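Structure, as structure tokens:
Just so it is clear, the model here is predicted, and its values are computed rather than measured. Along the sequence shown, residues are numbered consecutively beginning with 1.
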Amino acid sequence: MALVVICGQPSSGKSLAATCLAEALKESEAKETVRIIDEASFHLDRNQSYASMPAEKNLRGVLRSEVDRSVSKDNIIIVDSLNSIKGYRYELWCLARAAGIRYCVLYCDLEEDHCRKWNKERHEKGEAAYDDKIFEDLVRRFEKPDRRNRWDSPLFELCPYKDAIENSSAAILDAVAYLTKKVDSKSRDVKILQPTIATQNTRFSEANSLYELDRATQEVINAVVEAQSKALGGPMNGISLGQGLPNISISRSVGLPELRRLRRTFIKLTGQTSLSGPPPPSDADSAKRMFVDYLNRELETTV
């Protein structure tokens, strides 16, 4: 039914705003089904997720994939994250367009000094907070939403420092009214995005393939890490992934950073190949076979 993108500086009250919006939607007459997608949904630590550009890119990819799988005409999805890059907000807007649903942005407009103060208070209370270096980097790179951009419109602005973040906050009530208003032939103030022919034809096959590829390769990585942990540094004859799947041949200890690097490279290469050749594998077993073959080749050449 709709996709809501929560946007704002770090420690600007986004998660509280997302919770209040979800509660207000559930309490509305429409009684909408609402789901919040955030870092906590995947047990991702905010400092680790923003410690480097590859980690941040992976975080955005995980959230985007989950949004792609979740958006539908039967529920409202709220993306509670920084969503600070306009190009990323455009990607989320494209997902909403492909699904043929409503879209809006709820912006927590809070000055940097207040965000810095709130982040420090969270540190002192032992609550989840950003490290100072990461906080300053995120503040510097934040791209403020602009209602003139289609991917930032309609834009509902919430001022957490001036007004308390509550279910009854003006911006939240406006967003609820927009998201729940019934649309008919005379409606002018509610826009339902319309999918293009291209997005309709490719959306589901590509989304399923990328999802299976992402999930299957992560399962392989988990199996390698678990097997090495049980071996306690000793030799391994091969790591089995189950019946019908090839074994992973490793003659040395392989650290998690190297495994993650190989996984990222494999996914990138697979995506590039699909542009001019066959699409990515659409089932988990095929994806695992391809990834295991890739790991065996790469780890053999780097011994």
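- In this structure, Asn119 contributes its side chain and Ala129 its backbone to no donor-acceptor pair below 3.5 Å.
- Under the 4.5 Å side-chain heavy-atom criterion for ILVMFWY residues, no single connected hydrophobic cluster contains both Trp118 and Ile134.
- Hydrophobic clustering (side-chain heavy atoms under 4.5 Å, transitive across Ile, Leu, Val, Met, Phe, Trp, Tyr) keeps Tyr161 apart from Phe156.
- Residue pairs meeting the salt bridge (charged side-chain N to carboxylate O under 4.0 Å, His left out) criterion with at least one member in residues 154-172, sequence neighbours excluded, are Arg147-Glu157.
- Salt-bridge formation is detected for the pair Arg263/Asp214: a Lys NZ or Arg NE/NH1/NH2 atom is positioned less than 4.0 Å from an Asp or Glu carboxylate oxygen.
- Ala223 and Ile239 get closest at one heavy-atom pair: O-CG2, 4.1 Å.
- With sequence neighbours left out, Arg264 forms a salt bridge (charged side-chain N to carboxylate O under 4.0 Å, His left out) with no residue at all.
- Ion pairing between Asp152 and Arg89 holds under the 4.0 Å rule for side-chain N and carboxylate O.
- Residues Thr33 and Asn75 have side chains that never bring a donor and an acceptor to within less than 3.5 angstrom of each other.
- When each of Leu245, Leu259, Leu241 is tested with Val220 by the rule side chain to side chain contact (heavy atoms under 4.5 Å, CB included), just one qualifies, namely Leu241.
- Screening residues 41-54 for salt bridge (charged side-chain N to carboxylate O under 4.0 Å, His left out), with sequence neighbours left out, gives no hits.
- Counting only residues at least two apart or on different chains, the side chain to side chain donor-acceptor pair (under 3.5 Å) pairs with a member in residues 133-145 are Glu56-Arg141, Arg116-Glu136, Asp137-Arg140, Asp137-Arg141.
- Under the ring-ring contact (aromatic ring centres under 6.0 Å, His included) criterion, Phe142 pairs with no residue at all, not counting sequence neighbours.
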Quiz item: Would Leu295 and Val292 count as a side-chain contact (heavy atoms from CB on, under 4.5 Å) if you check the C-alpha gap in whole Å, the side-chain angles of each, and the deciding distance to 0.1 Å?
Solution: CA-CA 5 Å; Leu295 284 179; Val292 169; 5.5 Å; no
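- Taking the ring-ring contact (aromatic ring centres under 6.0 Å, His included) definition, one finds that Tyr130 meets it with nothing, sequence neighbours left out.
- With rounding to the nearest 0.5 Å, the separation of CG in Leu59 from CZ in Phe42 is 9.5 Å.
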Quiz item: Between Glu32 and Lys26, does a side-chain contact (heavy atoms from CB on, under 4.5 Å) hold up when you go through it step by step?
Solution: CA-CA 5 Å; Glu32 300 295 348; Lys26 293 175 182 177; over 6 Å; no
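- Leu256 has its side chain out of reach of Val224: every pair of non-hydrogen atoms, C-beta onward, lies at least 4.5 Å apart.
- Rounding to the nearest 0.5 angstrom, the gap separating the CG atom in Leu138 from the CD atom in Glu112 is 11.5 Å.
- Taking 4.5 Å as the limit, every side-chain heavy atom of Ile77 sits out of range of all side-chain heavy atoms of Val4.
- The two atoms that bring Ser11 and Leu110 nearest to each other are O-CD2, 4.0 Å, heavy atoms only.
- Taking 4.5 Å as the limit, every side-chain heavy atom of Ile192 sits out of range of all side-chain heavy atoms of Ile101.
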Mind listing the side-chain donor-acceptor pairs of residues 14-22 below 3.5 Å, one per line with the distance, residues two or more places apart or on another chain?
{"unit_1": "Lys14", "atom_1": "NZ", "unit_2": "Gln9", "atom_2": "O", "d": "2.8"}
{"unit_1": "Ser15", "atom_1": "OG", "unit_2": "Asp80", "atom_2": "OD2", "d": "2.8"}
{"unit_1": "Thr19", "atom_1": "OG1", "unit_2": "Ser15", "atom_2": "O", "d": "3.0"}

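- The shortest distance between side-chain heavy atoms of Ile267 and Phe291 does not fall below 4.5 Å.
- In this structure, CG in Asp293 is found 6.0 Å from CZ in Arg297, a value given to the nearest 0.5 Å.
- Residues Lys191 and Arg102 fail the side-chain proximity criterion, which asks for heavy atoms closer than 4.5 Å.
- Environment of CD in Glu111: sparse, with no more than 12 heavy atoms of neighbouring residues, nucleotides or ligands closer than 6.0 Å.
- Rounding to the nearest 0.5 angstrom, the gap separating the NZ atom in Lys120 from the SG atom in Cys115 is 15.0 Å.
- Electrostatic pairing of Glu121 and Lys125 does not count as a salt bridge here, judged by no charged N lying under 4.0 Å from a carboxylate O.
- Between Tyr88 and Asn83, the closest heavy-atom pair is CE2-OD1, 3.3 Å.
- No chain of hydrophobic side-chain contacts below 4.5 Å, direct or via other Ile, Leu, Val, Met, Phe, Trp or Tyr residues, connects Leu173 to Ile6.
- Residues meeting the salt bridge (charged side-chain N to carboxylate O under 4.0 Å, His left out) test with Glu27, sequence neighbours left out: none.
- Using a 4.5 Å cut-off on side-chain heavy atoms (C-beta onward), Ile76 and Leu25 make contact.
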Exercise. Take Phe266 and Leu213 through the side-chain contact (heavy atoms from CB on, under 4.5 Å) test and state the conclusion after the steps.
Key: CA-CA 10 Å; Phe266 171 76; Leu213 187 66; 3.6 Å; yes
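- Closest of all the heavy-atom pairs between Val190 and Tyr178 is CA-CE1, 3.6 Å.
- For the salt bridge (charged side-chain N to carboxylate O under 4.0 Å, His left out) test, residues two or more places apart in sequence or in another chain that qualify with Arg64 are Glu91.
- Residue pairs meeting the salt bridge (charged side-chain N to carboxylate O under 4.0 Å, His left out) criterion with at least one member in residues 33-43, sequence neighbours excluded, are Arg35-Glu66.
- In this structure, Ser28 OG and Asn167 CG are separated by 11.0 Å, a value rounded to the nearest 0.5 Å.
- Residues Ser12 and Ile165 share a closest heavy-atom pair of O-CD1, 4.5 Å.
- Applying the ring-ring contact (aromatic ring centres under 6.0 Å, His included) test to Tyr90 and every residue at least two apart in sequence or in another chain returns Trp93, Trp151.
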Exercise. Could you walk me through whether Leu3 and Val67 pass the side-chain contact (heavy atoms from CB on, under 4.5 Å) test, one step at a time?
Key: CA-CA 9 Å; Leu3 175 63; Val67 170; 3.9 Å; yes
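- Counting only heavy atoms from C-beta outward, the side chains of Arg60 and Leu63 never approach each other to under 4.5 Å.
- Sorted by first then second residue, the ring pair (Phe, Tyr, Trp, His ring centres under 6.0 Å) pairs that include residues 57-80, not counting sequence neighbours, number zero.
- Counting heavy atoms from C-beta on, the side chains of Ser153 and Arg148 never come closer than 4.5 Å.
- Tyr103 approaches Ala96 most closely through the heavy-atom pair CD1-CB, 3.9 Å.
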